[in-house]
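Below is one structure, written out as structure tokens; comments come after it.
Just so it is clear: chains get the letters A, B, ... in the order the sequence lines come, proteins before strands, and each one is counted from 1.
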Amino acid sequence: MPKLRLDQAPPATLPLRFLLAMPCWGVAGAALLLVDGDTALLTRWYPATLALVHVWTLGILGNAMFGSLLQFLPAAVGVQPRGWQGVPALHALFNLGVLVLVAGLYTQARWPLLTAGVVLPASFLWLGAMTVPGLWAAAGERLLRAGIGLALGFGMLAAVAGGGLALLLGRGIAWPLVAVDAHAGLGVLGWIVLLLATVARVVMPMFQGTGSVPPRVQAIWLAVVTTGLLAAVALHLRHAGDRTLPLAMVAGAASFAFGALWLQRRVPRARHNALFLHWRVGLLALALAALALAAGQGMVAGALGLGVGLPLLVAGMALEIVPFVEWIALRRRVPRGVQLPGVQRLLPDASRRRVLLAQGAAAPLLVAAVLWPMPWLARLAALGQLVAWSVHGYALASALLAGRTFLRRVAQRA
Amino acid sequence: MTSPIELDLRRLPPPLPMQHALDAADALAPGELLTIVAPMLPRPLLMELAQRGFDAEPGEPQADGSVRVQIRRPDDAETPA
């Protein structure tokens with residue numbers, strides 16, 4: 001077994017900045033909905049709606065995926081990101097890209113769109129350059145490496161396609177609608193769902209006590225989703241109005257959601273921790289989103305999938321990762337012999353459940369605001385989102401604060 | 001010097017295996033050995049042990065995925081200045 005090289009090891013806190021940005025974007029999305037409640041949930045083409053969708057997919061989900069990957073790759077696959085010293089700059093570039101894209105989509109202003117059209121693809125390509133060579137060169141964990149590599153590939157494709165669309169809009173050229181759908185399919189199914197399903201292979205048995213999917217089944221699923229998505233995108237680009245792409249998205253998302261719910265069914269109640277419950281509610285919402293998309297209810301599917309289901313899955317993981325990496329950082333800084341508080345002391349399960357409660361209360365409001373579009377209901381949904389993401393951000397911050405307080409006490413005693 | 005200490009951490013939910021393994025490793029005297037049985041190859045643990053100057057040697061994964069790791073605190077004379 002090769003020895004670990006310390007000079008290559010990034011600090012444990014590397015993913016934190018991405019994970020902490022996630023609730024900030026959640027609050028920003030709530031503010032957007034509060035201001036533009038009358039239009040943001042009516043159709044997918046309103047500027048406020050496009051801006052809100054990208055707050056969810058890039059601000060919340062994108063930050064969560066970037067951060068989780070940086071934590072997951074060394075821990076589970078043994079791959080150190082190359083040039084990890086550039087992570088703070090990548091974080092700044094990515095979030096600047098999200099900010100100008102959201103501002104550009106909202107105001108339809110030229111320069112923000114043109115900037116985002118370059119910055120966001122560059123961020124994804126940078127992440128790819130950091131991670132893909134290591135994934136390619138690593139040994140073992142073939143299924144994990146294949147899933148993550150494919151998801152990264154789809155993420156880069158989606159970002160390049162999205163960047164192209166932003167450049168078109170910035171130059172006042174109308175969007176080819178089939179390209180918008182292709183971008184959405186690549187991003188949501190190829191990047192987000194594929195990555196979550198791959199990571200679930202480790203996260204679900206380890207942290208939720210579920211059984212595992214047989215490797216052959218997961219490999220077949222991965223191959224079918226990958227080829228199916230590519231074929232559906234190609235068909236969609238040739239024949240506008242073809243239903244293959246939405247059907248591919250329905251099949252991919254539903255098979256992941258129902259499969260994971262099936263795995264969760266035998267976990268004894270005593271092991272239903274906050275992460276398990278986040279995933280149960282998130283997977284149910286994702287399954288409902290797939291059914292809504294199959295029924296042609298795109299807006300409902302978007303609210304359930306992008307506004308509720310997928311954010312709950314990554315929010316639950318962030319509540320595990322943040323206190324854990326803070327605990328590792330503490331461990332590295334306190335002298336030998338000092339008794340450390342456990343990870344659960346930094347962020348107790350009760351606090352994590354409060355986050356779920358807040359998200360769980362906000363979710364029906366959001367879906368109701370799409371089903372019955374009324375300004376007051378949209379603004380109530382916005383308030384729900386505001387509270388939910390504030391509670392989430394407070395929980396993450398309190399875990400860090402508990403660590404820093406402990407360090408200060410140790411320093412005072414020394 | 002060898003030690004009979006062996007910790008089976010397979011049934012603990014994460015992150016408890018890592019917490020217990022690091023606590024036990026910190027309690028080792030110089031030259032003392034500890035063996036843990038982790039539910040899977042514990043890469044984050046190996047990284048932390050290396051960071052803290054321990055020698056850690058993981059064995060081959062067993063049929064259930066578990067991995068036995070031998071952890072040793074180096075003698076003071078072996079510790080780099």
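- Heavy atoms of A/Q71 lying under 4.5 Å from chain B are absent altogether.
- Considering only heavy atoms from C-beta on, B/P13 comes within 4.5 Å of A/R271 through its side chain.
- More than 12 heavy atoms of other shown residues, nucleotides or ligands fall within 6.0 angstrom of atom CZ in A/R265.
- Residues A/G342 and B/Q19 share a closest heavy-atom pair of CA-NE2, 3.5 Å.
- Using a 4.5 Å cut-off between heavy atoms, B/L22 touches chain A through backbone and side chain atoms alike.
- Only the backbone of A/A76 comes within less than 4.5 Å of a heavy atom of chain B; no side-chain atom from C-beta onward does.
- For the pair B/Q51 (side chain) and A/R332 (backbone), a donor-acceptor distance under 3.5 Å is absent.
- Heavy-atom contacts from other residues, nucleotides or ligands closer than 6.0 Å to OH of A/Y394 number 12 or fewer.
- With rounding to the nearest 0.5 Å, the separation of CZ in B/R43 from CD in A/E141 is 5.0 Å.
- Here the closest non-hydrogen pair linking B/E48 and A/I328 is OE2-CG2, 3.2 Å.
- Looking at A/F207, the atoms closer than 4.5 Å to chain B (heavy atoms on both sides) sit in the backbone and in the side chain alike.
- Between B/D23 and A/R331, some side-chain heavy-atom pair lies under the 4.5 Å cut-off.
- Residue A/F324 holds its CZ atom at 4.0 Å from CE of B/M18, rounded to the nearest 0.5 Å.
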